[in-house]
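Report on the following structure.
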Amino acid sequence: MCGIVGIIGNKPAAPRLLEGLKRLEYRGYDSAGIATLENGHLDRRRASGKLFNLEAAQEADPLNGPIGIGHTRWASHGAPTVKNAHPIAAGTVAVVHNGIIENFLDLKSELEGHGKIFDTDTDTEVVAQLVAREIENGATPKQAVGTVLPRLEGAFALVFLFDGDTQTLIGARKGSPLALGKGEGEMYLGSDAIALAPLTSQVIYLEEGDWVVLSHTGHEIFDLTGAPVQRPWQQTSAYALLIDKGNHRNFMVKEIFDQPEVIGHTFANYIDLASRTVKQDALKVEFANLERLTVCACGTAFYAGMAAKYWFEKYARLPVDVDIASEFRYREAPLDKNGLALFISQSGETADTLAALQYCRDNGQKIASIVNVQESTIARDSDMIIPTFAGPEVGVASTKAFTCQLTVLACLAIAAGRARGHLTSAQEIALVSSLIGVPRHVADITNRSDEIEGVAKRIITARDILFLGRGINYPIALEGALKLKEISYIHAEGYAAGELKHGPIALVDDNVPVIIVAPRDNLFEKTVSNMQEVAARGGQIIMITDADEREGIGTELFDLIHVPKADAFINPLLYAIPVQLLAYHAAVLLGTDVDQPRNLAKSVTIE
Ligand code: G6P
């Protein structure tokens, strides 16, 4: 996750860019840079390390131009050196970038094939080079960006500045946030409204796929297809600026929409994007000789642990015990000598998880923890911390912390598979490549939030709802039921689809929606046959699947939520999103307090 800011103004941009970057430093701080037009010509100041190094560089040799872009970096491709610091320049173009360009290797070899030389190790440079090449071939900046954007795969936000053009700044968003703001004869761009707060309180939050061309006094927004679109101006509130809710009506949905960005930010810590391998040293855990892994957590974090059991057992042949912390702490489980216990917690303060950790420590286990709050008690009490980078999660019902936990666990499972000799290098590359595609697929799903709202409208009158899944999608069914219960107060149960016939089928009649999490994986046919059992009893089947329109389903569905086709490895990360959105929309339609549902707490520090 990086922070970006841009100004097309009428007084020196540099001090104001630096002020914006300070407010974005929470997004990354391993290098920073600014570029401005000095008498119409591009010039840059960049520095590795924290922002004060950039401030010193600017003070020593000031930039004075009124148009500029700035960036605070959290390195993903390439070390945090000055060379790799943004803005990245090529020809007449400078660009700042947040996110990942998935197909950068293909684009880079295409450009190298045409004799282009690369100065940096970043994925960003392909964007600068592609746009610069269009301009060399006679395109205007607007035409050049419009031609290049459809070629970029991934989830990202970009802001461009052009040598010799004092009238244009261009921004684009796809999966990562970008807002524009207006002042007196000036326009601004920033990763969030917090960055723009000293400049303006009038903002437009760009929507997925939008790109915008700014002049001093105006803007033109285009959507994914290149068609001009209008987006509304909004007044940012003081509260929104403490933790920016963007244009979302509450934190939970904002956090659902944050997922493409924070999942990418999380895996970028643990995988090398260029070689498509896991960083064994960043993951810290010694898996090679481990005989068993004990996983403990509560609530949503427990379901992340359950999903991980499938990954560890399949890809690393590592036996895993996974338990709810409040049960584990009292059941006097015998633990292997020198074993490893893994705790998963967003807050790092959950009392039951902490007590289970203590039990494991007292019984000679090494302690690893996956936490979102790195200063938390669980983190401090662990031998190894493997953080998620979800950012602050405000909504009580966990969403982005869950998918970031899954992301870390997926990386750990690949690392374990390699260390234990059960995955080849080629398999590792294939799994990591599928993980890199997750932010893009997640953005595709969040873009269809309105369709999922349509499905939610059809289930909110139900008294009971069943969620079914098999294999690694079973924990996702459990999470779907938990989310719905937590925030809409509709009674929901998650079941292993094969277990339906042993009890819950008695609940099914024509008033019971049955939501089936069914990717087209090796268990699809089995899940479909469980679905037929529901259909035969009149249940209202809602299928969440990547199967083509009713392909192989052979029964009338009540509704269908479509998920992009992907490698089965990443399915839990994708199928988590529609169940979150379904719960969210159901809760909004029922008028509950989505962010602070009754009787619950974000962090449960009592037994
Ligand atoms: C509470 C929250 C849940 C969360 C659980 C575990 O019940 O409402 O959303 O999953 O605690 O919290 P932790 O901070 O340990 O992940």
Side-chain angles (χ1 to χ4, degrees), residues 250-256 258-259 262-263 266 294-308 322-329 341-360 367-382 385-409 467 475-489 492 494 572 576-577 579-584 587 592-607:
N250 51 49
F251 281 106
M252 182 183 176
V253 72
K254 186 247 176 200
E255 288 159 2
I256 291 174
D258 276 350
Q259 289 176 110
V262 295
I263 291 170
T266 297
T294 303
V295 179
C296 266
C298 296
T300 290
F302 167 67
Y303 296 143
M306 266 183 88
V322 52
D323 211 341
I324 299 164
S326 57
E327 285 298 313
F328 177 85
R329 62 186 288 193
L342 175 66
F343 298 86
I344 309 169
S345 175
Q346 187 287 127
S347 63
E349 301 294 349
T350 304
D352 287 318
T353 310
L354 204 49
L357 184 156
Q358 202 50 54
Y359 176 87
C360 289
I367 309 293
S369 64
I370 296 176
V371 289
N372 197 41
V373 181
Q374 290 191 50
E375 308 72 32
S376 59
T377 314
I378 290 177
R380 286 199 307 274
D381 286 359
S382 300
I385 311 167
I386 314 158
T388 50
F389 294 87
E393 190 178 63
V394 178
V396 164
S398 186
T399 52
K400 62 177 181 171
F402 176 60
T403 47
C404 286
Q405 287 158 355
L406 288 174
T407 301
V408 171
L409 288 159
F467 282 76
I476 301 304
L478 292 167
E479 171 61 5
L482 177 64
K483 276 297 79 93
L484 192 71
K485 271 187 281 216
E486 279 182 302
I487 60 169
S488 75
Y489 316 145
I577 314 299
V579 300
Q580 293 170 351
L581 282 168
L582 200 56
Y584 168 73
T592 60
D593 184 339
V594 171
D595 284 338
Q596 295 182 329
R598 69 185 182 203
N599 306 340
L600 299 178
K602 182 73 188 149
S603 172
V604 183
T605 53
I606 51 160
E607 191 175 335

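Each ligand, and each atom within it, is numbered from 1 in the order the structure gives.
A donor atom on one side chain and an acceptor atom on the other are not found under 3.5 Å apart for Thr399 and Gln580. For the residue pair Thr300 and Ser398, no side-chain donor N or O sits within less than 3.5 Å of a side-chain acceptor on the partner.
Of all heavy-atom pairs spanning Val373 and Ala379, the tightest one is O-CB, 4.1 Å.
Checking side-chain atoms of Lys400 against main-chain N and O of Ile263 turns up no donor-acceptor pair under 3.5 Å.
Every protein residue with a heavy atom nearer than 4.0 Å to ligand 1 is included here: Cys298, Gly299, Thr300, Ala301, Ser345, Gln346, Ser347, Thr350, Val396, Ser398, Glu486, Ala601, Lys602, Val604.
Ala481 is linked by a side chain to side chain contact (heavy atoms under 4.5 Å, CB included) to Phe467, Ala492, counting only residues two or more places apart in sequence or in another chain.
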Is there a side-chain contact (heavy atoms from CB on, under 4.5 Å) between Glu479 and Met306 once you walk through the steps?
CA-CA 11 Å; Glu479 171 61 5; Met306 266 183 88; over 6 Å; no
